Participant: 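Dumping the structure here so I can ask a few things about it.
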Number of protein chains: 2
Amino acid sequence: MDATTASESGIGTGPALPGGAAHVGPRVRALRTERGMSLSELARRASVGKATLSGLEAGTRNPTLDTLHAVAAALGVALTALVAGGGSPRIRGAAVDMELLRVFDDGPATYELYRMRIPAGAEQTSPAHHPGVTEHATVFAGELRAGRLDAPGVVGPGGYLEWAADAPHGYAAVGSGDVHASLLIRYPT
Amino acid sequence: MDATTASESGIGTGPALPGGAAHVGPRVRALRTERGMSLSELARRASVGKATLSGLEAGTRNPTLDTLHAVAAALGVALTALVAGGGSPRIRGAAVDMELLRVFDDGPATYELYRMRIPAGAEQTSPAHHPGVTEHATVFAGELRAGRLDAPGVVGPGGYLEWAADAPHGYAAVGSGDVHASLLIRYPT
DNA sequence: CGCGCGCGTTCCGTAAACGGAACGATCGGG
DNA sequence: CCCGATCGTTCCGTTTACGGAACGCGCGCG
């Protein structure tokens, strides 16, 4: 499917969360605990009240921009890292559900970075791209079979696959669980 | 540097008081006028008060996340487009400049996806992480040498490297050009 | 000309986000 | 076993962001 060609229906499944606000809380909590930081300590470093931070992580509050800025700075991350995802374009194919995270436009090529999800057992093929286009997948969870149809590769969590996309290629979740992966597509200019 | 260590050594805590909101206001105004939309009309579409929007664009208010979400949606842009840039703290080490793009926290592990830049010729080491943590780099441009200090790998554009981060490791741009890459860090739970 | 419509700003009462303090729970040391 | 320290949550008074209404202004039409 490869983003650009994806369009067919796979429809369904869209609970469509009410707002991205609910996502910010867990993300802050994840970033905080990864750093081994307590709620009290992060509140202190960010100069916000513990009640504010507690409510923010729990999703029971509606934080102001100042609060988000202070927390992001204390975590050492960009504010975009806390709020990313809410409005990202989604691309749904027959089997593959991709979310465009970022477009890199520097250098002699353009890169599109996607997060990819494939339900267990699902499979999908994609037609050839222009010459020189390559795809790079890093698997987070599940067992991914992907690559050119004549020479696919299979990898599990932590694994990596890449292939030239100027020939028909496909993606499949061959294990018992859904596949979660990141997909980087490189378009030479 | 790896995020976790960067937050401690790096920019971290700062006042960041005026910076945030001051940048968002003009950006909203620019996006609105580009679309030939009046303030009243955008307020109506976003279901926010005109006073709220007026103060937001003027920078005299401190908008909540809900307000920002509503305005971003009505403008048809991702929330990140409103808050991107403006004084966003980068994670800057001795040589490596990293930007956290996304955190995935829904699997049996937490993943942090970074964009990484290393100036030509620069080099940096990072202390060990917790056991089980792995890092995965995909090179966009330049020649990257990275991995555990006792067994680093070297790859060019399109190349991929991975290593266990529970031992000291490093990153270096060994070619004549800057290195641009994506770095995925996996934290088992 | 006068009138109506829509513009962006300002005023105002209400809802809620804020920081500080108090709370029970948990942990480690004497 | 008790005690102090720190954890995260909850309560509370203050601050303030919110939406609705009123305001002054500029424009186009009858």
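Since the model is a prediction, treat every value here as computed from it, not as a measurement. We name chains A, B, ... by the order of the sequence lines, and we start the count at 1 in each one.
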Participant: What is the distance from CD of B:Glu57 to C1' of C:dG8, rounded to the nearest Å?
Facilitator: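 Roughly 10 Å, once rounded to whole Å.
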Participant: What pairs of nitrogen or oxygen atoms, one from the protein and one from nucleotides 14-16 of chain C, lie under 3.5 Å apart?
Facilitator:
none

Participant: What distance separates B:Glu57 CD from B:Leu39 CG, expressed to the nearest 0.5 Å?
Facilitator: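 Rounded to the nearest 0.5 Å, the CD-CG separation comes to 5.0 Å.
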Participant: So which pairs with a foot in residues 70-83 of chain A pass salt bridge (charged side-chain N to carboxylate O under 4.0 Å, His left out), sequence neighbours left out?
Facilitator: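 Of all non-adjacent pairs touching residues 70-83 of chain A, none passes salt bridge (charged side-chain N to carboxylate O under 4.0 Å, His left out).
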Participant: Which of these passes side-chain contact (heavy atoms from CB on, under 4.5 Å) with B:Val71: B:Leu53, B:Leu31, B:Asp66?
Facilitator: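 One option only clears the test, and that one is B:Leu53.
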Participant: Toward the 5' end of DNA chain C, which comes first, B:Thr64 or A:Ala51, by nearest nucleotide?
Facilitator: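 So the residue in question is B:Thr64.
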Participant: How long is the line joining NZ of A:Lys50 and P of C:dC23, in whole Å?
Facilitator: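 The distance from NZ of A:Lys50 to P of C:dC23 comes to 13 Å, rounded to the nearest Å.
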Participant: May I ask you to list the residues of residues 36-46 of chain B, by number, that have any heavy atom positioned under 4.0 Å from an atom of DNA chain C?
Facilitator: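 Heavy-atom contacts with DNA chain C come from B:Ser38, B:Leu39, B:Ser40, B:Arg44.
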Participant: Report the residues that fulfil side chain to side chain donor-acceptor pair (under 3.5 Å) with A:Thr64, sequence neighbours left out, ordered by chain and then residue number.
Facilitator: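 With neighbours one apart ignored, the set is A:Thr67, B:Asn62.
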Participant: Please name all residues satisfying side chain to side chain donor-acceptor pair (under 3.5 Å) with A:Glu143, sequence neighbours left out, ordered by chain then number.
Facilitator: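 Once residues adjacent in sequence are excluded, A:Glu143 has no partner under the side chain to side chain donor-acceptor pair (under 3.5 Å) criterion.
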Participant: With sequence neighbours excluded, tell me which residues meet salt bridge (charged side-chain N to carboxylate O under 4.0 Å, His left out) with B:Arg45.
Facilitator: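 In terms of salt bridge (charged side-chain N to carboxylate O under 4.0 Å, His left out), with neighbours along the sequence ignored, B:Arg45 is linked to B:Glu41.
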Participant: For the pair made of CZ in B:Arg29 and P in C:dG8, what is the distance, rounded to whole Å?
Facilitator: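 Taking CZ of B:Arg29 and P of C:dG8, I get 8 Å after rounding.
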Participant: Angle between ring planes, A:Trp163 versus A:His169, binned at 30° and 60°: parallel, tilted or perpendicular?
Facilitator: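 Ring orientation, 0 to 90° scale: tilted.
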Participant: With a cutoff of under 4.5 Å between side-chain heavy atoms, which Ile, Leu, Val, Met, Phe, Trp and Tyr residues group with B:Val174?
Facilitator: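 Listed partners: B:Val154.
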Participant: Can you give the first and last nucleotides of DNA chain D, 5' to 3', that have an atom under 4.0 Å from a heavy atom of chain B?
Facilitator: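 So the outermost contacting nucleotides come out as D:dA17 to D:dG20.
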Participant: Can a donor-acceptor pair be found between the side chains of A:His136 and A:Thr134 at a distance below 3.5 Å?
Facilitator: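 Looking only at side-chain atoms, A:Thr134 and A:His136 do form a donor-acceptor pair, the distance falling under 3.5 Å.
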Participant: List every contact pair, protein side and nucleotides 24-28 of chain C side both N or O, where the distance is under 3.5 Å.
Facilitator:
none

Participant: May I have all residue pairs that pass salt bridge (charged side-chain N to carboxylate O under 4.0 Å, His left out) and include part of residues 167-179 of chain B, sequence neighbours excluded?
Facilitator: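 Qualifying pairs, neighbours excluded: none.
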Participant: Which is true for A:Thr52 with a 4.0 Å heavy-atom rule: it touches a base, it touches only sugar-phosphate, or it touches nothing?
Facilitator: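 Counting heavy atoms under 4.0 Å across all strands, the contact made by A:Thr52 includes a base.
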Participant: Within the structure provided, determine whether B:Val28 and B:Leu82 are in side-chain contact (heavy-atom separation under 4.5 Å).
Facilitator: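 They are in contact (side-chain heavy atoms under 4.5 Å apart), so the answer is yes.
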Participant: Kindly write out the residues that satisfy side chain to side chain donor-acceptor pair (under 3.5 Å) with A:Arg148, not counting sequence neighbours, or none if the list is empty.
Facilitator: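 Side chain to side chain donor-acceptor pair (under 3.5 Å) list for A:Arg148, sorted by chain: empty.
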Participant: Considering residues at least two apart in sequence or located in another chain, which fulfil the side chain to side chain contact (heavy atoms under 4.5 Å, CB included) criterion with B:Thr33?
Facilitator: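 B:Arg29.
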